[in-house]
There are 2 protein chains.
Amino acid sequence: MNILTTGQLAKKAQVNVETIRYYERRGLIPEPLRSESGYRHYSQDSIARIQFIKRAKELGFSLKEVSELLSLRVDPNTNCADVKRMAEVKITDIKEKIHALQRIKEALTKLRASCQGSGPAGKCPILEALDT
Amino acid sequence: MNILTTGQLAKKAQVNVETIRYYERRGLIPEPLRSESGYRHYSQDSIARIQFIKRAKELGFSLKEVSELLSLRVDPNTNCADVKRMAEVKITDIKEKIHALQRIKEALTKLRASCQGSGPAGKCPILEALDT
DNA sequence: ATAAACCCTGTACCTAAGTACGATGTCAAG
DNA sequence: CTTGACATCGTACTTAGGTACAGGGTTTAT
């Protein structure tokens with residue numbers, strides 16, 4: 001069980017088979033060796049690779065950014081600072097998203113407070129506010 | 001200047017002409033009257049309608065939800081409470097998004113702190129964390 | 001009267017991150 | 001030796017919210 005087929009890798013890494021092919025097309029996982037008949041053969045390392053991708057995604061990195069992280073890892077000319085910078089950019093980015101959502105939340109909260117919850121919708125102050 | 005063509009409406013409402021056609025297809029704006037030659041003729045009300053859509057979008061409502069808001073407005077059987085409920089659902093929704101982003105932000109902040117910013121990227125603790 | 005600037009329709013394209021499918025080939029079990 | 005479960009490929013479809021043509025017709029300004 002040292003070598004994995006696409007389906008086995010998919011199961012172990014908890015992704016769809018098609019996702020693996022997709023990641024390969026996107027260059028996120030290297031092209032694996034093939035059997036005589038053309039079947040892909042993956043090593044155990046591939047599980048870790050897919051999990052790396054999944055974790056980075058959970059941290060808000062796009063697949064494009066994941067590629068960059070993966071390249072940084074391999075390129076001997078890059079250093080830690082490059083990685084750290086990417087993390088910082090992403091943090092800033094996420095902070096902005098949070099602020100935007102907070103502004104929206106406050107606006108909605110005010111609108112909610114303006115509405116008594118009775119009477120026809122046609123005269124709802126929430127809808128009227130949107131009309132202004 | 002009482003009546004507007006698509007292009008004039010687009011300019012007044014600050015949207016792309018194609019967006020107007022798109023909203024019409026989606027049923028967000030009613031089909032306007034047409035001139036002899038088939039040109040759409042919009043009233044001033046249409047500007048307000050598009051602005052309603054834009055504002056609702058800014059508050060995080062999808063176009064599908066905007067449709068619902070618009071229907072509520074017209075339907076005499078609905079009341080304010082329905083609108084208020086939609087606002088509440090959206091607020092909850094946005095709160096969840098904020099929390100998710102905050103968790104991500106914290107995870108990233110920790111990772112950033114773990115990295116001194118020097119040394120080869122191959123040994124960066126941020127990347128190592130993703131490998132775990 | 002003619003060119004520029006509009007408008008019409010239908011359809012294709014865009015981003016992101018996959019998912020689904022049809023046609024075909026291969027492998028393992030009974 | 002056949003059936004079922006897998007594998008391959010290329011391509012199309014998905015969601016959301018538009019945007020961009022191409023190939024026509026119309027209006028307006030000069």
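Proteins come first, then strands; the chains are lettered A, B, ... in the order of their sequence lines, and each starts at number 1. Just so you know, these numbers come straight off a predicted model, no measurement behind them. Atom set for the values below is all heavy atoms of this structure, side chains included, hydrogens, waters and symmetry mates excluded.
Rounded to whole Å, the distance from CG on L4(B) to C1' on dC7(C) is 14 Å. The interatomic distance linking I20(B) (CD1) with dT19(D) (P) rounds to 11 Å, in whole Å. Atom NE2 of H41(A) and atom P of dC6(D) are 16 Å apart (whole Å). Rounding to whole angstrom units, NZ of residue K54(A) and C1' of dA16(C) are separated by 18 Å. Atoms CD (E18(A)) and C1' (dA7(D)) sit 11 Å apart, rounded to a whole Å. To the nearest angstrom, P of dG17(D) lies 15 Å from CD1 of I29(B). If you take CD1 of I3(B) and P of dC6(C), they are 19 Å apart, rounded to a whole angstrom. Atom CD1 in I50(B) sits about 16 Å away from atom P in dG17(D), given to the nearest Å.
OP1 or OP2 of dA16(C) has not a single side-chain nitrogen or oxygen of K57(A) nearer than 4.0 Å. Proximity of S37(A) to the phosphate of dC27(C): a side-chain N or O atom is located under 4.0 Å from OP1 or OP2. The side chain of R40(A) places an N or O atom within less than 4.0 Å of a non-bridging phosphate oxygen (OP1 or OP2) of dT8(D). A sub-4.0 Å separation between OP1 or OP2 of dG18(C) and a side-chain N or O of Y23(A) is present. Side-chain nitrogen and oxygen atoms of R21(A) include none within less than 4.0 Å of the OP1 or OP2 phosphate oxygen of dT8(D). The phosphate of dT9(C) has OP1 or OP2 within less than 4.0 Å of a side-chain N or O from R34(B). For the OP1/OP2 pair of dT19(D) and a distance below 4.0 Å, the side-chain nitrogens and oxygens of N16(B) include at least one atom meeting the criterion.
In terms of position along DNA chain D, the nucleotide closest to R25(B) lies nearer the 5' end than the nucleotide closest to the other residue of the pair R25(B) and Y39(B).
In this structure, of dG18(D), dT19(C), dC6(C), it is dT19(C) that holds the atom nearest to the side chain of T19(A).
Relative to the ring axis of F52(B), R73(B) places its NZ or CZ within 45° and under 6.0 Å from the centre.
A salt bridge links E65(B) with K90(B); the closest basic N to acidic carboxylate O contact falls under 4.0 Å. Between D93(B) and K97(B) there is a salt bridge, with a side-chain nitrogen of the basic residue lying less than 4.0 Å from a carboxylate oxygen of the acidic one.
Among the heavy atoms of the strands lying under 4.0 Å from T5(A) are primed sugar atoms or P, OP1, OP2 only; no base atom is included.
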Verdict with reasoning, K105(A) to I91(B), per side chain to side chain contact (heavy atoms under 4.5 Å, CB included): CA-CA 6 Å; K105(A) 195 190 76 183; I91(B) 288 169; 4.3 Å; yes
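Using modelled atom types, no side-chain atom of S46(A) and backbone atom of Y42(A) make a donor-acceptor pair closer than 3.5 Å.
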